[in-house]
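Everything on this sheet refers to the single structure shown next.
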Amino acid sequence: MAVPLTSLSHGAGCGCKLPPAALHGLIAALPRSADPAVLVGSAGADDAGVYLLREDLALVQTVDFFTPIVDDAYAFGRIAAANALSDVWAMGGEPVTALNLVAFPLEHLGIEVLGEILRGGGDAAAAAGVAVLGGHSIDDPEPKYGMAVTGTVDPAAMLVNAGGRAGDALVLTKPLGAGAVVSAAKRGAASAEDLASAVAVMSAFNREAARAAVRAGALCATDVTGFGLLGHLYELALASGVAAEILADAIPALPGARAALSGGAGVSGGGRRNAEYAAGFVSGVLDPLLTDPMTSGGLLVALPEERAAEVPGVVVGRLVAGEPGRIVVR
């Protein structure tokens, strides 16, 4: 009998990230490169690093991997690859090559399951026009998969956390709630239809949304993943030196997500940690959907209000003058 992949993981997808409160303090204490070609490092909590090669060309580098978020090995591979590729798109870049990262209990799960994971990741990369050049694997009782991705970007068209300005509209390009749905599914409390919807959203690329944002003149974006909407908006607003307002009624949700959260089956450890963290910088009602840990979530793009309609998604709030990082939920 096949072993459910999610039964071997302590957390699901990006919900297994280290807590943001601990992680940010650690990263802030690390030395920073003095190389002037480093355009984006760790200081602004951006989705990827950017290194200048010439005036009109920069290298974008990122790495992302996580524990199984669904039991279907092929779907897990596709989601993990889409999630890793998204970090390059979130910077306004185009991914070019990737390396597989594998931690896997080969004797326990078998080579066929690993083959399906890698096939899913490979198919996602091929659909994105990205060449998988190889990778690295280790034996691990808890399976994990992801990619290290290299891309390119025009430095004049980068999307960075620090590019937001007071008055910018905030456009969210995918609905929230994937963490809630997959947590409920793991507990046998989500329908097959709701889980399929979540898988489809997590497998979808952010490529076209990112390209639209660049065409619309946006200079600021991030993707919404394990820290939830509020956690990633906090990083964006803090780096941009502004505050933010979120319109709770405007937030799009995946089918079944709100019911899973209100009933308790969709509440995860990652979601609780995100809520505790957000309480330090959020005023208003702390809707659990806003702190739900997403995996391969949408982009959150900040751009002038008059051009917001050019980015496919929903306007969920705006950046405002105020204490940097402070968020009001209305």
Side-chain angles (χ1 to χ4, degrees), residues 13-14 33 35-42 44-66 74-103 117-137 144-163 173-174 202-225 295-301 311-312:
C14 288
S33 174
D35 188 336
V38 176
L39 301 184
V40 179
S42 60
D46 280 280
D47 297 290
V50 182
Y51 191 86
L52 186 67
L53 297 177
R54 62 177 191 241
E55 185 177 348
D56 63 342
L57 181 67
L59 196 69
V60 185
Q61 290 189 294
T62 185
V63 59
D64 211 315
F65 63 99
F66 46 68
Y74 179 82
F76 171 41
R78 284 192 66 90
I79 292 167
N83 182 73
L85 296 169
S86 178
D87 284 342
V88 176
W89 288 315
M91 304 300 294
E94 294 290 341
V96 177
T97 65
L99 297 170
N100 285 317
L101 301 172
V102 175
I117 293 171
L118 294 175
R119 189 171 70 86
D123 283 354
V130 172
V132 179
L133 304 183
H136 183 68
S137 61
K144 303 171 184 73
Y145 173 66
M147 287 180 165
V149 184
T150 298
T152 59
V153 69
D154 180 347
M158 282 194 305
L159 301 172
V160 295
N161 278 348
T173 66
K174 286 185 184 181
M202 291 187 288
S203 301
F205 292 157
N206 283 324
R207 176 176 54 194
E208 298 310 317
R211 290 174 178 174
V214 171
R215 288 195 300 269
L219 297 174
C220 179
T222 188
D223 62 356
V224 178
T225 55
T295 296
S296 192
L299 299 182
L300 183 65
V301 181
V311 178

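A heavy-atom distance below 4.5 Å is not found between the side chains of M202 and N83. In this structure, the side chains of M91 and V153 stay at 4.5 Å or more apart for every pair of heavy atoms. Contact of the W89 side chain with the L159 side chain is not registered, since no non-hydrogen atoms from C-beta on lie closer than 4.5 Å.
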Set out, in order, the CA-CA distance, both residues' side-chain angles and the distance that settles side chain to side chain contact (heavy atoms under 4.5 Å, CB included) for L101 and K144, then state yes or no. CA-CA 8 Å; L101 301 172; K144 303 171 184 73; over 6 Å; no

Before giving the answer on side chain to side chain contact (heavy atoms under 4.5 Å, CB included), spell out for L118 and V102 the whole-Å C-alpha distance, their side-chain angles and the decisive distance to 0.1 Å. CA-CA 9 Å; L118 294 175; V102 175; 3.9 Å; yes

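Residues passing the salt bridge (charged side-chain N to carboxylate O under 4.0 Å, His left out) test with R211, sequence neighbours excluded: E94, E208. Not counting sequence neighbours, the partners of A127 by the side-chain contact (heavy atoms from CB on, under 4.5 Å) test are F205. With sequence neighbours excluded, no residue forms a side chain to side chain donor-acceptor pair (under 3.5 Å) with N161. In this view, A84 and D64, M147, V149 satisfy the side-chain contact (heavy atoms from CB on, under 4.5 Å) rule, not counting sequence neighbours.
The two atoms that bring A82 and A204 nearest to each other are CB-O, 4.4 Å, heavy atoms only. Closest approach of V132 to A125, counting heavy atoms only: CG2-CB, 3.6 Å. Closest heavy-atom contact between S33 and V38: OG-CG2, 3.8 Å. Minimum interatomic distance between A128 and L85 (heavy atoms only, all atoms of both residues): CB-CD1, 3.9 Å.
The distance from atom OG1 of T97 to atom CD of Q61, rounded to the nearest 0.5 Å, is 8.5 Å.
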Mind listing the side-chain donor-acceptor pairs of residues 48-58 below 3.5 Å, one per line with the distance, residues two or more places apart or on another chain?
residue	atom	partner	partner atom	Å
Y51	OH	D35	OD2	2.8
R54	NE	D56	OD1	2.5

Can I get a per-line list of side-chain donor-acceptor pairs under 3.5 Å for residues 216-223, giving both atom names and the distance, sequence neighbours left out?
residue	atom	partner	partner atom	Å
T222	OG1	D47	OD1	3.4
T222	OG1	D47	OD2	3.1
D223	OD2	S86	OG	2.9

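Ring-plane geometry between F66 and F76 is classed as tilted, the angle between the planes lying from 30 to 60 degrees on a 0 to 90 degree scale.
At distances below 3.5 Å, not a single donor-acceptor pair connects side-chain atoms of K174 with backbone N or O atoms of N206.
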